[in-house]
Structures are given as structure tokens and as C-alpha cells.
Amino acid sequence: MAMRTLIPFDATDPKTRLSSLFAPDERRELAAVMLGDVLDAVRAAGGDPLVVATGDVDIDAPVAVDDRPLSDAVNARLDPDTAVVMADLALATPRALRALFAASGDVVLAPGLGGGTNALVVRDDDFGVDYHGASYRDHLRNAAAAGCSIREFDATRLALDVDERADLADVLLRGEGRTPGWLRDAGVALATDGGRTSVTRKR
Ligand SMILES: Nc1nc2c(ncn2[C@@H]2O[C@H](COP(=O)(O)OP(=O)(O)OP(=O)(O)O)[C@@H](O)[C@H]2O)c(=O)[nH]1
Ligand SMILES: C[C@H](OP(=O)(O)O)C(=O)O
């Protein structure tokens, strides 16, 4: 049976942490390209996607427009046997998502490198999401408080969400969808910035 999968999407002013690299319209374009890659991976993993967006989105998928804050918009649709996969997981693969969907537990949590919750599966209607501000820790606590069984699902391909400039280096190095090509066409290239690999942009 297909896994109903909510994909939250900020269609209005996304990826503001990348403002040093991209203008607002470029950030919206990048966000849409990453959304397309995530949609492809979710479908290939047997997911049945619903994009939950802050505004209209021109994409080949069902879209629910809901301008409430992220957690409210997701909780309003978080029926049991539902996954939530963020639209900026530019490294997500069908294999990783299939394994996430198949993982057992009332609440299955895939952590982001920065302490967020990049993806999850919920099978208990006593659990609700509470995003932002190291949400992974909050979700662990909330699931335990609700008496849910918890599965922590560590997956390299789900751990990266594109927030900061340095995250784009990983997308250029390991991305498999359309996003790496979009970045290269926009003049984004790898750069070594002291210890950590980052990116530059030739305009
Ligand atoms: N529906 C909905 N999705 C959201 C909202 N805020 C963020 N998202 C999505 O949730 C995911 C994770 O959010 P963030 O990493 O904060 O994304 P973002 O808001 O574009 O990034 P920043 O502007 O840099 O904070 C991304 O896929 C966003 O598109 C919201 O208020 N409503
Ligand atoms: C949505 C939020 O993403 P972040 O702001 O951590 O990138 C979270 O994962 O709680």
C-alpha cells in the first residue's frame, strides 16, 4: 500500500539562509527544483505525495495550500500511517525513503544534521509535530510522552537538508537529481574554504 507522504513547501520566501548567494526569485526556483527531486524520490519509493504549500505551486503533484505555520499545517493532516518528508532533502534517494517507510514503530524519526527533523513516519494519532529549534529532541520527547514506540532512523541520504551555503557542496558532490545541474548552470562551484568544502558563485 502506498505511504501517504506530506511534503511541506514554503512557496513564498524559501531558503532565506541562502540570501548571500541567490536573489529571492532564484531561491524560489531552487526550492522548486529540489521539490521536484524529492517528489521523484518519494514516488519511486512507493509514496503517495501531497505538497502542503504556503501558496500556489506549479508542480506535477497534488497541492494543498495552507498558509498556517509549518507545524499547524502538518498537524492538520497528520493521520496515522503518514510520512512527512521535507522538500529540501536534495540527497534523498528512493532506497533511503523506501527503508524509512518500511521501518517499524509508532513514530519513526530521521534526524537532520543541524538538529532538525528531516523526515518522519507517524502511526499513532497521539503524536504531533513541533518543528524548528532543534525539533528532533522535541519530537523524541513528545513521542515518549505520548507513549509511542520510537525508531530513530539515521540515514546519510536523508540527513542533509539544504539550509546553508556549505550544504550546496554536498549537493554538487553527491546529488543525483536535477538540483546539481541547476546549481552548476547558476554558476555555483565547489570551493575549499579553510577546512570545510563550500561553494562559490560566478555571476
Ligand atoms: N507548508 C509550509 N512549509 C514550510 C514552512 N516553512 C518551511 N517550510 C518547508 O519546510 C521545510 C524545512 O523548512 P526550512 O529548512 O526552514 O526551509 P525554509 O523556510 O525555506 O528555509 P529558511 O528560509 O532558510 O529558514 C522546507 O521544505 C520548507 O519549504 C511553512 O511555514 N509552511
Ligand atoms: C523544519 C525545521 O527545519 P530546520 O529549520 O531545522 O532546517 C525542522 O526540521 O524542525
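All ligand and atom numbering here is 1-based and tracks the order in the structure.
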(request) Identify the protein heavy atom lying closest to atom 2 (C) of ligand 2, giving its residue, its atom name and the separation to 0.1 Å. (result) His132 ND1, 3.6 Å

(message) Within the 4.0 Å heavy-atom shell around Gly116, which atoms of ligand 2 are there?
(response) 6 (O), 8 (C), 9 (O)

(message) Checking the N or O distance criterion of under 3.5 Å, is ligand 1 in contact with Pro69?
(response) no

(message) Could you check whether atom 13 (O) of ligand 1 has a protein contact, counting only heavy atoms that fall below 4.0 angstrom?
(response) no

(message) Measuring from atom CZ of Arg151 to atom CG of Asp106, what distance do you get when rounded to the nearest 0.5 angstrom?
(response) 13.5 Å

(message) Please list the nearest protein heavy atom to atom 9 (O) of ligand 2 with its residue and the distance rounded to 0.1 Å.
(response) Thr117 N, 2.9 Å

(message) Would you say CG of Asp25 has more than 12 non-hydrogen atoms from neighbouring residues, nucleotides or ligands within 6.0 angstrom?
(response) yes

(message) Please report the interatomic distance CG(Leu160) to CG(Asp167), rounded to the nearest 0.5 Å.
(response) 5.0 Å

(message) Evaluate Lys15 for polar contact with ligand 1, using N/O atom pairs at a separation under 3.5 Å.
(response) yes

(request) Report the nearest protein non-hydrogen atom to atom 26 (C) of ligand 1: residue, atom name, distance rounded to 0.1 Å. (result) Asp88 OD2, 3.9 Å

(message) Residue-level breakdown please: for Ala87 versus ligand 1, do any non-hydrogen atoms fall below 4.0 Å on the side chain, on the backbone, on both, or on neither?
(response) both

(request) May I ask you to decide if Val129's main-chain N or O and His139's side chain share a donor-acceptor pair within less than 3.5 Å? (result) no

(request) Could you say whether the N/O atoms of Val52 and ligand 1 ever approach to under 3.5 Å? (result) yes

(request) Just jot down the ligand 2 atoms closer than 4.0 angstrom to any heavy atom of Leu70, in number order. (result) 1 (C)

(request) Using a strict 4.0 Å cut-off to heavy atoms of His132, name the atoms of ligand 1 that fall inside it. (result) 16 (O)

(request) Please work out whether any backbone atom (N, CA, C, O) or any side-chain heavy atom from C-beta onward of Asp67 is under 4.0 Å from ligand 1, and answer side chain, backbone, both or neither. (result) neither

(request) Kindly determine whether Arg201 and Glu26 satisfy salt bridge (charged side-chain N to carboxylate O under 4.0 Å, His left out), including the steps that lead there. (result) CA-CA 13 Å; Arg201 184 182 186 190; Glu26 293 175 314; 2.7 Å; yes

(message) If I take atom OG1 from residue Thr93 and atom CZ from residue Arg174, how far apart are they, to the nearest 0.5 angstrom?
(response) 10.5 Å

(request) Provide, to 0.1 Å, the distance between atom 3 (N) of ligand 1 and the closest protein heavy atom, together with that atom's residue and name. (result) Phe9 N, 3.3 Å

(request) Could you establish whether Arg17 and ligand 2 come within less than 4.0 Å of each other, counting only heavy atoms on the residue side? (result) yes

(message) Let me confirm one number: the CE-CG distance from Met3 to Leu97, rounded to the nearest 0.5 Å.
(response) 10.5 Å

(message) To the nearest 0.5 Å, what is the distance between CG on Asp67 and CG on Asp10?
(response) 11.0 Å

(message) Show the atoms of ligand 2 that are less than 4.0 angstrom away from any heavy atom in Met86.
(response) 1 (C)

(request) With heavy atoms of Asp163 as the reference, note each atom of ligand 2 found under 4.0 Å away. (result) 7 (O)

(message) Donor-acceptor check, side chain of Arg184 to backbone of Leu172, threshold 3.5 angstrom: yes or no?
(response) yes

(message) If the cut-off is 4.0 Å to any non-hydrogen atom of Ser135, which atoms of ligand 2 fall inside it?
(response) 8 (C), 9 (O), 10 (O)

(message) Using only atom types and a distance under 3.5 Å, with no angle test, would you say the side chain of Arg98 pairs donor to acceptor with the backbone of Val42?
(response) no

(request) Start with the C-alpha gap between Glu176 and Arg157, add the side-chain angles, then the distance that decides, and say whether salt bridge (charged side-chain N to carboxylate O under 4.0 Å, His left out) holds. (result) CA-CA 11 Å; Glu176 297 173 2; Arg157 304 296 296 199; 3.4 Å; yes

(request) Give the intermediate values and the outcome of salt bridge (charged side-chain N to carboxylate O under 4.0 Å, His left out) for residues Asp81 and Arg4. (result) CA-CA 7 Å; Asp81 293 319; Arg4 178 170 175 266; over 6 Å; no

(request) Report the nearest protein non-hydrogen atom to atom 19 (O) of ligand 1: residue, atom name, distance rounded to 0.1 Å. (result) Asp10 OD2, 3.8 Å

(message) Closer than 4.0 Å to some heavy atom of Asp161 - which atoms of ligand 2 meet that?
(response) 7 (O)

(request) Decide whether an N or O pair under 3.5 Å exists between Arg17 and ligand 1. (result) yes

